[in-house]
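Hydrogens, waters and symmetry mates are skipped; everything else that's a heavy atom, side chains included, is used.
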Amino acid sequence: MMEVAANCSLRVKRPLLDPRFEGYKLSLEPLPSYQLELDAAVAEVKLRDDQYTLEHMHAFGMYNYLHCDSWYQDSVYYIDNLGRIMNLKVMLDTALGKPREVFRLPTDLTACDNRLCASIHFTSSTWVTLSDGTGRLYLIGTGERGNSASEKWEIMFNEELGNPFIILHSISLLKAEEHSVATLLLRIEKEDSYMKGSGFYVSLEWVTISKKNTDNKKYEIVKRDVLRGKSVPHYAAIEPDGSGLMIVSYKSFTFVPDGQDTEESKDENMSEKIKEPLYYWQQTEDELTVTVRLPEDSTKEDIQVQFLPDHINIVLKGQSFLEGNLYSSVDHESSTWIIKENNSLEISLIKKNEGLTWLELLVGDKQGELIRDSAQCAAIAERLMHLTSEELNPNPDKEKPPCNAQELEECDIFFEENSSLCRFDGNTLKTTHVVNLGSNQYLFSVVVDPKDMPCFCLRHDVDALLWQPHSSQQDDMWEHIATFNALGYVQASKRDKKFFACSPNYSYAALCECLRRVFIYRQPTPMSTVLYNRKEGRQVGQVAKQQVASLETNEPILGFQATNERLFVLTTKNLFLIKVNTEN
């Protein structure tokens with residue numbers, strides 16, 4: 001019997017919704033903020049010319065260089081360009097210490113050409129996983145962090161694991177006689193074959209490192225599994241007991257079976273997902289090029305191509321191979337085809353309407369894949385560039401604002417339509433549960449309890465809903481734990497947003513732009529004076545405040561973290577603290 005993944009849905013808790021929410025009131029109360037100058041700049045790694053796809057932009061261009069240690073209160077870390085891991089732990093805002101060095105990466109990072117940014121994940125209260133961005137993974141025993149008597153960072157495992165990666169998540173597992181750490185690594189890899197879409201795919205590697213509690217044993221890798229997909233996941237986390245994996249992504253992921261390439265996989269479900277497209281196509285302003293892979297022994301005599309103004313028919317050895325109505329009209333008399341030496345058929349179609357961008361080659365046909373050349377990718381990245389560019393629009397009044405909504409929306413379409421949430425079983429490596437998120441756009445994730453999986457926040461209608469995964473409850477895996485009223489709607493208008501977060505106790509949500517501005521949205525609180533809503537003839541019992549903080553800096557924001565009391569904002573040379581709540 002073939003196991004089929006259960007199609008699930010997310011159950012909204014009605015009592016957590018507020019149909020009478022009045023909207024946010026802008027509050028001008030000043031927010032106390034503090035600024036620390038860093039000894040050495042943050043180790044930012046800029047995108048290289050060969051990292052031109054949207055996926056590179058998502059994974060590395062929008063990387064959050066500030067890391068929050070959720071096992072301890074108000075403790076944040078960043079890595080500077082001397083290879084030092086620097087920590088700031090806040091007790092009193094008025095008596096801030098300097099960030100202190102807790103560990104130094106042993107290797108010279110600048111020596112590696114294709115390195116990524118260093119990344120770190122706080123696996124447990126005494127363990128940390130660390131990557132230096134060159135493809136090396138470190139497992140570090142730290143002792144109780146923040147307790148000077150017991151804190152000491154020591155390398156317990158360090159190994160070269162292939163191409164550079166960034167760490168997405170990790171967990172620590174104690175079983176009777178053994179301790180293991182499982183971690184999830186993200187890479188964007190180049191395709192081997194000569195024409196595969198953008199030429200890149202995304203790989204997630206699930207690595208388990210383990211040590212038996214017997215004499216003089218070392219930590220070593222006991223398991224490595226790889227998933228492949230075509231988009232950078234919005235969210236990916238390992239379940240606390242290590243038995244599965246949850247991923248929210250725009251395109252689906254599939255495990256790559258050991259020792260064989262995906263294409264040869266006999267598993268039907270899998271070949272279905274990563275099937276070679278029947279054809280690839282590219283377009284310029286005035287023409288389209290279609291490339292079709294032919295069976296090994298094809299000759300020119302086996303092929304007939306019939307061009308009509310809005311229709312094409314390719315016949316191979318008497319059988320119709322590809323036929324359909326074209327997206328728009330072509331000049332069929334100038335269209336041509338040839339067979340290339342690598343056994344592919346190349347068809348050139350001349351567009352009737354020059355400059356029209358075709359959204360598909362054949363109407364309703366899903367067998368092909370559009371290849372964007374680097375110039376087109378660059379153009380899209382250019383439109384998104386205002387999200388990470390150095391020169392943000394310092395004077396919004398000049399003729400060309402850096403971004404116009406119409407332009408961006410075409411790009412938004414790429415990664416907002418129909419993401420899905422999938423759970424994979426760690427042993428069978430098969431998908432067990434799938435939730436199609438449809439229009440529930442992914443917004444951000446937050447660790448509410450470090451012993452649990454991170455929560456993710458999704459847009460539902462105008463609201464933003466926070467979901468806590470519970471992997472142990474097979475029939476009710478995702479719990480709706482909080483609502484940010486109208487935040488789904490409000491954030492959509494923030495075109496320049498770079499990072500989005502909320503406090504672990506969900507008392508407020510916050511987003512920052514690429515430069516200077518931070519927006520804070522608080523949960524409704526009871527009013528001290530009575531307000532009256534004339535339109536509905538009723539009293540307003542509570543009000544939700546929105547606040548805006550403006551940082552005194554012209555440097556782009558590189559990192560952003562929210563704790564229950566504070567927001568931490570990192571730029572190249574400074575760390576800002578914004579006091580949001582005063583805990584009683």
Side-chain angles (χ1 to χ4, degrees), residues 7-29 234-235 248 405 409 412 416-421 435-449 452 454-470 473 475-495 497 500-512 518-548 562 564 567 580-581:
N7 263 320
C8 317
S9 55
L10 298 174
R11 282 183 225 159
V12 175
K13 288 186 187 163
R14 293 276 152 225
L16 290 182
L17 301 180
D18 177 5
R20 304 179 79 173
F21 181 68
E22 299 271 340
Y24 290 97
K25 305 276 179 286
L26 181 64
S27 157
L28 298 176
E29 285 166 42
H234 294 303
Y235 169 100
V248 176
E409 276 158 9
D412 278 354
E416 291 320 349
E417 54 187 347
N418 287 355
S419 293
S420 58
L421 160 60
V435 180
N436 180 0
L437 297 177
S439 59
N440 302 131
Q441 177 194 356
Y442 171 89
L443 300 174
F444 60 85
S445 71
V446 57
V447 176
V448 166
D449 175 352
D452 269 331
C455 300
F456 49 85
C457 188
L458 302 175
R459 180 174 177 169
H460 286 248
D461 200 15
V462 296
D463 296 332
L465 272 50
L466 199 58
W467 299 88
Q468 172 69 67
H470 298 294
Q473 302 170 18
D475 49 345
D476 198 7
M477 269 201 179
W478 298 284
E479 184 193 358
H480 172 198
I481 58 169
T483 302
F484 293 102
N485 297 296
L487 188 62
Y489 176 73
V490 171
Q491 62 82 34
S493 65
K494 299 278 178 275
R495 279 291 173 192
K497 66 173 173 285
F500 205 163
C502 78
S503 61
N505 64 4
Y506 18 97
S507 58
Y508 70 92
L511 57 88
C512 72
V518 174
F519 296 85
I520 295 165
Y521 303 94
R522 298 177 181 270
Q523 291 287 12
T525 47
M527 299 273 300
S528 47
T529 54
V530 174
L531 276 183
Y532 201 71
N533 179 330
R534 291 214 177 112
K535 204 162 80 190
E536 296 186 22
R538 63 183 175 88
Q539 286 184 9
V540 177
Q542 38 183 19
V543 67
K545 289 182 189 163
Q546 173 193 341
Q547 285 168 292
V548 185
N564 291 338
L567 273 171
V580 181
N581 288 322

How would you list, by chain and number, every residue that makes a side-chain hydrogen bond (donor to acceptor under 3.5 Å, both in side chains) with Gln523, sequence neighbours excluded? none
Between Cys502 and Val446 the two heavy atoms that sit nearest each other are O-CG2, 3.5 Å
Listed partners of Glu29 passing side-chain hydrogen bond (donor to acceptor under 3.5 Å, both in side chains), at least two apart: Lys545
Considering all heavy atoms of both residues, which atom of Pro469 and which atom of Cys455 are nearest to each other, and what is their separation? CD-CA, 4.1 Å
Listed by chain and number, what are the side chain to side chain contact (heavy atoms under 4.5 Å, CB included) partners of Ser445, not counting sequence neighbours? Tyr235, Tyr442
Counting only N and O atoms by type, is there a donor-acceptor contact under 3.5 Å from the side chain of Asp463 to the main-chain atoms of Leu465? no
To check you understand the geometry: which heavy-atom pair defines the closest contact between Ser9 and Val435, and what is its length? CA-CG1, 4.2 Å
Would you say that Leu10 contacts Leu421 through its side chain, given a criterion of any heavy-atom pair below 4.5 Å between the two side chains? yes
d(His460 NE2, Leu487 CG) to nearest 0.5 Å is 12.5 Å
With a 3.5 Å distance limit and no angle check, can you tell me whether Lys497 reaches the backbone of Gln491 through a side-chain donor-acceptor pair? yes
Does some side-chain heavy atom of Ile481 sit less than 4.5 Å from a side-chain heavy atom of Tyr506? yes
Check Gln546 against Tyr24 and note the closest heavy-atom contact, atom names and distance. CB-CB, 3.9 Å
Are the side chains of His480 and Leu17 in touch, meaning some heavy atoms are under 4.5 Å apart? yes
Could you check whether any side-chain heavy atom of Asn440 comes within less than 4.5 Å of a side-chain heavy atom of Trp467, counting everything from C-beta outward? no
If we only count heavy atoms from C-beta on, is the Val548 to Leu26 side-chain gap below 4.5 Å? yes
Criterion side-chain contact (heavy atoms from CB on, under 4.5 Å) on Phe500 and Cys457, from CA distance to verdict: CA-CA 10 Å; Phe500 205 163; Cys457 188; over 6 Å; no
Could you check whether any side-chain heavy atom of His234 comes within less than 4.5 Å of a side-chain heavy atom of Ser419, counting everything from C-beta outward? yes
Residues in side chain to side chain contact (heavy atoms under 4.5 Å, CB included) with Asp449, at least two apart? Lys451, Asp452
Residue pair Asn564 / Pro504: nearest heavy atoms and the distance that separates them: OD1-CD, 3.1 Å
Looking only at heavy atoms, the pair that brings Ala562 and Leu567 closest together is CB-CD2, 3.7 Å
Counting N and O atoms only, with roles assigned by atom type, does the side chain of Thr483 sit under 3.5 Å from a partner on the main chain of Leu16, one being a donor and the other an acceptor? yes
Side-chain contact, heavy-atom cut-off 4.5 Å: Asn485 with Tyr521? no
Taking side-chain hydrogen bond (donor to acceptor under 3.5 Å, both in side chains) as the test, write out the residues that go with Lys494, two or more places apart. none
Mind checking what makes side-chain hydrogen bond (donor to acceptor under 3.5 Å, both in side chains) contact with Gln547, not counting sequence neighbours? Arg522
